[in-house]
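See below for the structure under consideration.
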Amino acid sequence: MDIKGIAEEVYRRTGIETTERDVEKVLSGLAGSSHFWEVVCAARKPFSVVAEIIEILKQTKLVKVDEQGDISFTPEGMEFLNSSRIAPRKDYTCPACEGRGIGLEKLKELLQKFDEVTADRPKAIIDYDQGFVTTRTVAGRIALMAGRGDLEGKKLLVLGDDDLVSVAAGLSGMPAEVVVMEIDDRLVEYINNKAAKFGLPVKAIKYDFREKLPEEYVGYFHTFTTDPPETLEALEVCMGRGLTGLSGEGCAGYFGLTRTEASLKKWNLFQQLLVGKFKVAITDIIDDFNHYVNWDYLLESIRDDYTFVQVKPRLNWYRSSMYRIETLSGFKGMENRSVPCELYVDKEALIYRPGKSVDKEKKVRYIKN
Ligand SMILES: [Fe+2]
């Protein structure tokens with residue numbers, strides 16, 4: 001099978017459009033690393049696309065998988081690489097800032113304080129698709145918002161906060177007020193306790209973003225930040241709520257979007273919504289800005305029919321790009337009413353399993369094809 005054939009077969013199996021360049025990127029990643037999660041991280045393609053490409057390479061005996069789940073090329077595979085002119089991937093990311101383009105020297109104290117204050121943070125749970133970011137990522141978000149003039153003296157809305165950005169923002173002493181709207185009772189209580197204990201201008205309330213925004217917060221904030229679930233519907237509703245919370249033009253929204261659970265096709269549709277429907281400008285997209293700490297439930301929540309996938313990650317492989325959007329005159333939020341919406345599962349989701357319904361106890365309502 002040639003590269004074109006592999007791309008076509010991956011599309012047939014996953015239903016996600018796959019190009020010859022995608023296959024080349026995975027081959028190049030595999031030539032540079034034998035660790036599945038490192039290849040997924042580097043490929044910047046949906047999880048199931050990367051996994052299917054490797055599965056096909058395995059079935060056609062171009063790669064082999066050892067008992068530890070490490071993947072390596074067979075002699076035929078090496079020949080295939082050479083004849084296709086594919087070289088091992090090289091990483092040129094700036095090691096000092098991990099590619100964010102932000103120096104954290106001025107926030108050293110905040111980093112330390114944040115780690116101390118949040119040492120007893122609640123564990124990430126599958127019910128709400130949680131997985132929180134590293135401390136350096138949190139500090140990077142604070143620095144990014146502050147550097148763009150969206151934090152100091154401003155009112156900040158945090159929509160969903162397992163990352164505890166609100167606590168970091170409060171500890172930084174910069175924002176005038178921070179309101180967290182969060183569905184998980186554990187986090188609402190945790191954040192309010194920390195705010196009381198350390199005298200932070202932070203308040204958390206229980207909120208499900210499928211519900212209308214509390215009236216007193218419509219048009220109230222200068223800035224919102226969120227880490228939305230990545231079905232197109234959830235992205236749309238989440239942005240709608242955030243923008244509805246903003247007080248006018250020149251305000252900003254920040255959020256992460258992955259490549260692992262969102263194909264470029266989805267990126268395109270979503271960007272059209274941002275620009276066309278919500279009428280905002282996209283001012284920044286910083287690749288690989290958000291690094292997530294590995295969460296306990298990963299391996300039990302994903303497919304177990306690939307031999308190379310049920311391997312404990314050796315790096316913080318799950319990443320997302322940081323978007324910043326800015327409101328223009330005539331920008332639109334959404335009508336402030338409740339809407340039903342599929343939050344977590346589509347074909348590109350990490351926990352999607354073809355042909356299997358999702359465990360009801362995991363509170364995922366249905367699979368959308
Ligand atoms: Fe750098």
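Whatever order the structure lists them in is the order used to number ligands and atoms, beginning at 1.
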Cation-pi geometry met for Arg141 and Tyr254 (6.0 Å, 45°): no

Salt bridge present between Glu9 and Arg13 (N-O < 4.0 angstrom): yes

Sub-2.8 Å protein N, O or S atoms surrounding the Fe ion (ligand 1): Cys94 SG, Cys97 SG

Under 3.5 Å side-chain donor-acceptor pair for Thr231 and Glu233: no

Tyr217 and Tyr207 aromatic centres sub-6.0 Å: no

Aromatic contact, Trp317 with Phe47 (centres under 6.0 Å): no

Check against side-chain contact (heavy atoms from CB on, under 4.5 Å), Phe308 and Ile71: CA-CA 7 Å; Phe308 48 85; Ile71 309 157; 3.9 Å; yes

